[in-house]
Amino acid sequence: MAAAHFSGVWFLVFMVLFPHCSGGRASISKQNLEANNHLKQLNKPPLKSIKSPDGDIIDCVLVSHQPAFDHPLFKNHTIQVRPNYHPEGLIDEKKVSNPQSNEGKSKPITQLWHLNGKCPEGTIPIRRTKKEDLLRTSSVESYGKKKHRNIVKPARSADPDLINQSGHQHAIAYVEGEFYGAKATMNVWDPKIQQPNEFSLSQLWVLGGTFASDLNSIEAGWQVSPDLYGDSNARLFTYWTSDAYQATGCYNLLCSGFIQINNEIAMGASISPISAYRGSQYDITILVWKDPKEGNWWMQFGNDYVLGYWPGFLFSYLADSATMIEWGGEVVNSASDGQHTTTQMGSGHFPEEGFGKSSYFRNIQIVDGSNNLRAPKEVNTFTEQPECYNVQVGKTGDWGNYFYYGGPGRNPNCP
């Protein structure tokens, strides 16, 4: 009897201390099931797989089997294998030297997985999503998506409450008008990230619509995002949304949207090598433009790689033209310990340090209504806290319109 009473007491103690054990196991089991189902949807059967030195697996998937075609809207879509028109006035970036130093030309870069192989013609390289990638997110459905409040609104009519509450900070240059594309060359770094749920990126934005509810955005650049990729490597990325990040869009090829045609460059793959402070500078060139005939928005990486396109029917405002172009950096400031984050933007150094120390965008251009690349007029700048991250614009021969940007985050002037 005493033994029965003793065991009953321990049962009660167990239930008090661990009331949710069975529920917790069920929750974990459900999460695992959701993750496994989502992985089957994301990871298409490859013709070939390549193990990258950084631990990534790059799957070579038939062009017609990529994630874009999972959506009913794409059921009868005919893949456009090349753009009908290229913008006129492209600069050969291989011939551009740095006008502010004796170090000569900044150097081209590639992707790390190229060291171990390449994908055959007729396929595209897709970074394989792993189970641990999905389990890092708050929910499987949110993987690869930006939060709704991730909005940069630099115009003078900006609502400061919206900007400050978002937790995102920027140092950008921007222009307003009527545009059909944008281009820039930016050097690549590996900024330090304080919290895994923070990120640091450098990109161009092609924007249309209103920021509050129906923003259309096409974005491309490089980013460091431990939450998304599980490491601190600098990676090529794209993003799109047609409703201000609410229900549409995603990074890279993690949902229907972008249609890739190129077999050499993988979205979300590590970039190598990267720039070093007081050392060699490595940069990438990104061009996004609208095909005047088909209405699709194309992306080119470097001088040689036309990667693919966002079909025009994904968008409302961008079905016509963009009304704002932005170039620059963005970080998440979670202020987790009550202080400003130490997450760096760009190189982690302020613009005034200049070439070899600060991060830059050079040869920023817009595509006009005649499909010509030209220098932008009336370039404006925007940053929420210049003592944390800042931007400085300039203009010169080889570099055209350029700017330095970035910063260390928390410092004596940015508590």
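No hydrogens, no waters, no symmetry mates; every other heavy atom, side chains included, goes into these values.
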Kindly say whether [Y] contributes a backbone atom to a donor-acceptor pair with the side chain of [X] at under 3.5 angstrom?
X	Y	answer
E264	Y305	no
K192	S232	no
K183	W289	no
S275	V188	yes
N411	E387	yes
D337	Q339	yes
N263	C119	yes
W297	L318	yes
K290	A319	yes
R235	G268	yes

task = Run the numbers on W205 and E330 for side-chain contact (heavy atoms from CB on, under 4.5 Å), then give the verdict.
result = CA-CA 11 Å; W205 290 259; E330 177 183 351; 3.4 Å; yes
So which heavy atom on [X] is nearest to which on [Y], and how close?
X	Y	result
L204	A184	CD2-N, 4.2 Å
N43	T129	ND2-O, 2.8 Å
F74	P311	CE2-CG, 3.6 Å
L134	A35	CD1-O, 3.3 Å
I271	P273	CG2-O, 4.3 Å
I126	P67	CD1-CD, 3.8 Å

Output the distance between atom [atom1] ([X]) and atom [atom2] ([Y]), rounded to the nearest 0.5 Å.
X	Y	atom1	atom2	result
W240	C255	CH2	SG	5.5 Å
I274	S280	CD1	OG	12.0 Å
L314	S256	CG	OG	9.0 Å
L135	E34	CG	CD	10.5 Å
Q203	M186	CD	CE	8.5 Å
N84	D291	CG	CG	4.5 Å

key: N333 and E384: CA distance, side-chain angles, deciding distance, side-chain contact (heavy atoms from CB on, under 4.5 Å) verdict   = CA-CA 11 Å; N333 173 28; E384 289 91 348; over 6 Å; no
Looking only at the side chains, is there a donor atom on one of [X] and [Y] sitting less than 3.5 Å from an acceptor on the other?
X	Y	value
S202	Y405	yes
N296	Q80	yes
H340	Q169	yes
S359	N187	no
D56	Y229	no
Y404	E353	no
T343	S200	no

side-chain hydrogen bond (donor to acceptor under 3.5 Å, both in side chains) assessment of D243 paired with T241 = CA-CA 6 Å; D243 62 355; T241 181; 3.1 Å; yes
Identified side chain to side chain donor-acceptor pair (under 3.5 Å) partner of [X] from the options [options]:
X	options	value
Y317	N216, D214, T323	D214
D133	K131, K130, R136	R136
S270	N233, D190, D231	N233

Would you find more than 12 non-hydrogen atoms of other residues, nucleotides or ligands less than 6.0 Å from [X] atom [atom1]?
X	atom1	answer
K118	NZ	no
Y85	OH	no
K48	NZ	yes
E378	CD	no
E121	CD	no

What I'd like to find out is whether the side chain of [X] reaches to under 4.5 Å of the side chain of [Y], using heavy atoms alone.
X	Y	result
V175	K377	no
M324	L215	no
N262	F301	no
S225	F237	no
S336	T341	no
F179	L207	no
I58	Q111	no
H114	I265	yes

task = Specify whether F361 and F403 have parallel, tilted or perpendicular ring planes, treating 30° as the upper limit for parallel and 60° as the lower limit for perpendicular.
result = parallel
Aromatic plane relationship, W310 with F258 - under 30° parallel, 30 to 60° tilted, over 60° perpendicular = perpendicular
request  = Tell me, please, which residues at least two apart from V332 pass side chain to side chain contact (heavy atoms under 4.5 Å, CB included).
outcome  = H168, E198, F199
task = Would you please indicate yes or no on a ring centroid separation below 6.0 angstrom for H38 and Y143?
result = no
query = Of Y402, W189, W399, which meets ring-ring contact (aromatic ring centres under 6.0 Å, His included) against Y360?
reply =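 Only match with Y360 under ring-ring contact (aromatic ring centres under 6.0 Å, His included): W399.
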request  = Dump the intermediate steps for side-chain contact (heavy atoms from CB on, under 4.5 Å) on W222 and I286, then the final yes or no.
outcome  = CA-CA 10 Å; W222 62 266; I286 289 176; over 6 Å; no
task = Mind running side-chain contact (heavy atoms from CB on, under 4.5 Å) on N401 and V393 for me, showing each step along the way?
result = CA-CA 8 Å; N401 288 75; V393 297; over 6 Å; no
task = Using the salt bridge (charged side-chain N to carboxylate O under 4.0 Å, His left out) rule, take R127 and D54 through it: C-alpha gap first, then chi angles, then the decisive distance, then the call.
result = CA-CA 12 Å; R127 178 184 180 269; D54 61 358; over 6 Å; no
